[in-house]
*Asks:* 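I'd like to ask some things about the structure below.
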Amino acid sequence: MPGALSFLTDALSEIKAQGGYFRLRELESACEPVCRADGREVINLASNNYLGLANHPKLKEAAIDAVRRFGTGSGAVRTITGTMAMHMELERKIAAFKHTEACFVFQSGFTANAGTVSAILTPDDHIVSDELNHASIIDGCRLSRAKIHVFRHKDAAHAEEILAGLDSAPGRKLLITDGVFSMDGDIGPLPALVETAERHGAIMMVDDAHSSGVLGRNGRGSVDHFNLHGRVDIQVGTLSKAIGALGGYVCGARDFIEYLYHRARPFLFSTSHPPAVTAACLAAFDLLEQEPERIAQLWDNTRYYQNALRQQGFNTGVSETPITPIFVGEAKTAHEFSSALFEAGLWATGIGFPTVPRGKARIRTIVTATHTRAHLDRAVDTLSLIARKMNILRP
Ligand SMILES: *Cc1c(COP(=O)(O)O)cnc(C)c1O
């Protein structure tokens, strides 16, 4: 590429040399347990469609009906004319579901994290953040220009030590963790972190992107899972994963939410959800209440699949949730393993540095409620066949 952007061609070559280059796979069907992608039928263990809602008839009907009645776009940002009655209805519904005073829906989970942290903190403040927190949290922290202190993964004692050291420092403190960590599938130590935050007067925030619809009663998330209602100031969740549509939400006290209406930049400067998205989300929360058996099935499938993997000798790390990493070592191996699996009819994402540390490359698999035992058996057979061929497992 000639011209001013040619340095990017060099940067891309560097990515290729390091084995981090990828091509986007094209999904040619709906997101289902078995789908078509790049011309091949594959078992899909790569999506975040935990409950199978992304192609659920009730969500589709609700979306189609909303398009017929309200059109395809909201026409403006929320503060101009873009607040539709259904936007407010969804916020009320989520607040009630989460047992909080109020809720605020963003266009995505990413903007929910980035928009919230940057709205409430200033350069005089301090953020104490788990080292494996999601990129959207990290970006929100950077945008706030508050001082960022990173604690060792899940190490509440380390967080305590950092906060104790800040006791006499001016400014507000925010303690922040993922509810479920997206690369390892482990659960954040929320009870210990909440106590730490309470001892030091810090704001407690949890990102429940991978816990929404997965953990807690009817999928209420990690605060419900640990019975910490009323003790976590800010709960973020996503509508893009288990909920099957798109969006992010923030739940908390009424005045906190009202403040976000006035200061959260993605809310003030970016158009609200189209009617189809909001209607699908409303239908999804009805389903969470009406069909808790979906979540039971998700966990049943998770136990079944993870047991089978361990019996085959796979290293699935510290996963406690449907997110199931399979460790292989180097990034190159992970990407080669992922490609070979795809050829053999299994879609599982290869993940390496810089998304995860060097030497901890993996393929990440995610079980859903809609996989059958036959799908899971076939997936484990394929994984073990290819892993033995590639010497990832002893032949
Ligand atoms: C996926 C994810 C997000 C972003 O959610 P989107 O709705 O996809 O933007 C935020 N936090 C975590 C931990 C995630 O895994």
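The figures that follow rest on heavy atoms only: side chains count, while hydrogens, waters and symmetry mates do not. All ligand and atom numbering here is 1-based and tracks the order in the structure. Heads up: numbering here begins at 1 and tracks the sequence.
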*Asks:* Got the closest protein heavy atom to atom 9 (O) of ligand 1, with its distance?
*Replies:* F110 N, 2.9 Å
*Asks:* Show the atoms of ligand 1 that are less than 4.0 angstrom away from any heavy atom in S240.
*Replies:* 6 (P), 7 (O), 8 (O)
*Asks:* Could you check whether D377 and Y304, counting side-chain N and O atoms only, form a donor-acceptor pair closer than 3.5 Å?
*Replies:* yes
*Asks:* Taking only heavy atoms of H210, which atoms of ligand 1 are found under 4.0 Å from at least one of them?
*Replies:*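 Taking each heavy atom of H210 in turn, ligand 1 has 15 (O) under 4.0 Å.
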*Asks:* Determine, considering heavy atoms only, which of Q107, H134, M183 sits nearest to atom 10 (C) of ligand 1.
*Replies:* H134
*Asks:* Could you tell me which atoms of ligand 1, counted from 1 in the order shown, lie closer than 4.0 angstrom to a heavy atom of N113?
*Replies:* 10 (C), 11 (N)
*Asks:* Under a 3.5 Å cutoff, is there a donor and acceptor pairing between the side chains of D184 and H153?
*Replies:*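 D184 vs H153: no donor-acceptor pair found between side chains.
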*Asks:* Looking only at side-chain N and O atoms, does H229 offer a donor or acceptor that is under 3.5 Å from a partner on R220?
*Replies:*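 Side chains of R220 and H229: no pair found under 3.5 Å.
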*Asks:* Relative to the heavy atoms of S182, which atoms of ligand 1 are at a distance of less than 4.0 Å?
*Replies:* 15 (O)
*Asks:* So that I can tick it off, tell me whether R373 and D300 are bridged by a salt bridge, with the cut-off set at under 4.0 angstrom between side-chain N and carboxylate O.
*Replies:* yes
*Asks:* Go through the steps for R254 and E101 under the test salt bridge (Lys or Arg N to Asp or Glu O under 4.0 Å), then give the verdict.
*Replies:* CA-CA 5 Å; R254 163 67 52 199; E101 279 180 21; 5.5 Å; no
*Asks:* Between K154 and E320, is there a side-chain N and carboxylate O pair less than 4.0 Å apart?
*Replies:*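 Salt bridge: yes.
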*Asks:* Is G247 near ligand 1, meaning one of its heavy atoms is under 4.0 Å from it?
*Replies:*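 For ligand 1, residue contact (heavy atoms, under 4.0 Å) with G247 is present.
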*Asks:* Please state which protein non-hydrogen atom is closest to atom 1 (C) of ligand 1 and give its distance, to 0.1 Å?
*Replies:* K241 NZ, 1.6 Å
*Asks:* Under 4.0 angstrom from ligand 1, any heavy atom of S136?
*Replies:*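 It does, in that a heavy atom of S136 comes within the 4.0 Å cut-off of ligand 1.
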*Asks:* If you measure only the distance, is there a donor-acceptor pair under 3.5 Å linking the side chains of T111 and S108?
*Replies:* yes
*Asks:* Which atoms of ligand 1 are found less than 4.0 Å from any heavy atom of S108?
*Replies:*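 That gives atoms 7 (O), 9 (O) of ligand 1.
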*Asks:* Could you tell me whether a side-chain N or O of E289 sits under 3.5 Å from a main-chain N or O of N218, the two making a donor and an acceptor?
*Replies:* no
*Asks:* Which ligand 1 atoms, with their elements, are less than 4.0 angstrom from a heavy-atom of D207?
*Replies:*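 That gives atoms 10 (C), 11 (N), 12 (C), 13 (C) of ligand 1.
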*Asks:* Which ligand 1 atoms are under 4.0 Å away from a heavy-atom of T238?
*Replies:*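 Answer, ordered by atom number: 5 (O), 6 (P), 7 (O).
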*Asks:* Is it true that T122 and D125 share a donor-acceptor pair across their side chains at a distance under 3.5 Å?
*Replies:*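 Yes, because at least one side-chain N or O of D125 sits under 3.5 Å from a partner of the opposite role on T122.
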*Asks:* Atom 6 (P) of ligand 1: which protein heavy atom is closest, and how many Å away?
*Replies:*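 In this structure, atom 6 (P) of ligand 1 has G109 N, 3.3 Å as its nearest protein heavy atom.
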